[in-house]
Amino acid sequence: MPNSGSPEAPPFEPYKVKVVEAIPFPSREERESALHRAGFNLFNLTSDEVVIDLLTDSGTSAMSDRQWAALMLGDETYAGSRNFRHFEETVREITGFPHIIPAHQGRAAENLLFSSLVKPGDVVPNNMHFDTTRSHVIHNGGQPVNVAIAEAYDAQREHPFKGNVDLARLQAYLDARVQAPVPLVMVTLTNNTGGGQPVSLENLRAVSALARHAGVPLYFDMCRWAENAYFIRLREPGCAQRSIAEIGRAMFDLADGATMSAKKDGLVNIGGFVAVRDGNLAAKLKEQLILFEGFPTYGGLARRDLEAMAVGLREAMELKYLTHRVGQVAYLAREIVAGGAPVFLPAGGHGVYLDVDRFLPHLAPDDLPGQALAIELYREGGVRTVEIGAIMFGDAPGSGPAPPELVRLAIPRRVYTASHLKYVADTVLAVWKRRAEIRGVRMTHRPERLPHFTARFEPK
Ligand code: F0G
């Protein structure tokens, strides 16, 4: 592929544009008034107020011509749609799990799995829970605990697989399961809460052996499994010649099932699933599915969405696509680091995470520095990002060390070009130059659950 030999060059987009969507350019005054109207919470901005939207990589992908064509094959049958069959075959082939239960997105899949497995008093270890995963464990009376390796908490420490599980900490929870039952172990691929970092195959093998020995099932949160497999191919000895599909199967063979938000590595705007080996559990999940989502051959989705997902899940495994995707993240990180601003290292799979403690060292934790920085990035250049830190995770006593304070610049798949990313880097560096003037914020409205979505703030 052009440029692939030069690490300095911006990554060459392996696609060309067929449909365009205009980018809004709100003025500085318009951005300022949008911030006030939004209560300084970037979730309250409208898309017309945002220049480059890096709030999330979830459901924001550009679909391919093949996916749009797949939508036209929608067979909108309530029961037994052929789109379901294509979707089911695809997920079975990728994961090897026999029972495939569609859901409208990741948290719906989590609701099905956790409400079936987790009881009050249970403990659920995960390298790091994402916010919805954590909330579903708590919602069912369980206690989520994070068991990532120590390196995962150190933004500047280089490690090829910073998403790995700390095996000794996991073993300690498994050993204590008589007092505090462990209904499942989960591993998040890649670790979104800790910089989008991958987990190695070697670590997954060890986790699987510990869980099996304890008789506890192992599940993956597989939202970004293809990006995780790409890092394994790049970094794990003996994997350089293996395809993403092969590496994926090596991963899934170690687990009992998975939940997926296909809004990430499924390259669709909506969709997800639970996939499991256990037939009895699958029957239970399907009963729940019918109650909350819909019949098992559509799971709360239009059947055409299942067809688009079947195509997207395969496209997400293409090396040309993944090389560009992960290359975009690395390029943006390089541009920011070259200007002197601190990012979480190494760059992850789906976004660049700013290292807030080093970006705004003059702010105290109760100044909510991550949110303050996200506000400034919007104010400066209309770039929308998200705080992944104290507000998203709040204080979680007993859940393991608090995740690091980060601002995530999530890159939507196949949406932005290298020149857009250069603009983002310039915006970050303009804020970096005036960092000493940045003040903290205080929360004026704190919702009880998932606070970052609906909280309101004001400048201090
Ligand atoms: N698990 C992980 C690791 C996630 O990153 C997400 C969503 C979910 C589960 C839930 O999936 O949104 O389809 O219900 N992450 C998005 C993000 C929202 O911005 O990182 P969902």
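Remember, it's a predicted structure, so these values are computed and weren't measured experimentally. When a ligand or atom number is given, it counts from 1 through the structure's own listing order.
Near Lys263, meaning under 4.0 Å from any of its heavy atoms, are these atoms of ligand 1: 13 (O). Of all atoms in ligand 1, numbered sequentially from 1 with element shown, those under 4.0 Å from a heavy atom of Thr188 are 3 (C). Near Glu110, meaning under 4.0 Å from one of its heavy atoms, ligand 1 places the atoms 1 (N), 8 (C), 9 (C), 10 (C). Each of the following atoms of ligand 1 lies closer than 4.0 Å to a heavy atom of Thr132: 8 (C), 9 (C), 10 (C). Each of the following atoms of ligand 1 lies closer than 4.0 Å to a heavy atom of Thr56: 16 (C), 17 (C), 19 (O).
Among the atoms of Thr190, none of the N or O lies under 3.5 angstrom from an N or O of ligand 1. Checking only distances, Arg107 does come within under 3.5 Å of ligand 1, N or O to N or O. Inclusion of Gly106 in the set of residues having an N or O under 3.5 Å from an N or O of ligand 1 is warranted.
The single protein non-hydrogen atom nearest to atom 3 (C) of ligand 1 is Asp221 OD2, 3.4 Å, given as residue, atom name and distance. Annotation: atom 4 (C) of ligand 1 to nearest protein heavy atom, Phe130 CD2, 3.4 Å. Distance from atom 16 (C) of ligand 1 to its nearest protein heavy atom, with residue and atom name: Lys264 NZ, 3.4 Å. Among all non-hydrogen protein atoms, the one lying nearest atom 13 (O) of ligand 1 is Ser261 OG, 2.7 Å.
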Go through Met222 and Thr95 one step at a time and tell me if the side chain to side chain contact (heavy atoms under 4.5 Å, CB included) criterion holds. CA-CA 10 Å; Met222 62 175 280; Thr95 63; 4.0 Å; yes
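With a 4.0 Å heavy-atom cut-off, ligand 1 is reached by no atom of Arg134.
Ring pair Phe43/His452: centre-to-centre distance below 6.0 Å.
When side chains are defined from C-beta on, Asp75 does not count as touching Leu73, because their heavy atoms never get closer than 4.5 Å.
When only modelled atom types and interatomic distance are considered, Asn126 and Tyr219 share no side-chain donor-acceptor pair under 3.5 Å. Gln288 and Ser116 are not linked by any side-chain donor-acceptor pair at a separation below 3.5 angstrom, with hydrogens and angles left out of the test.
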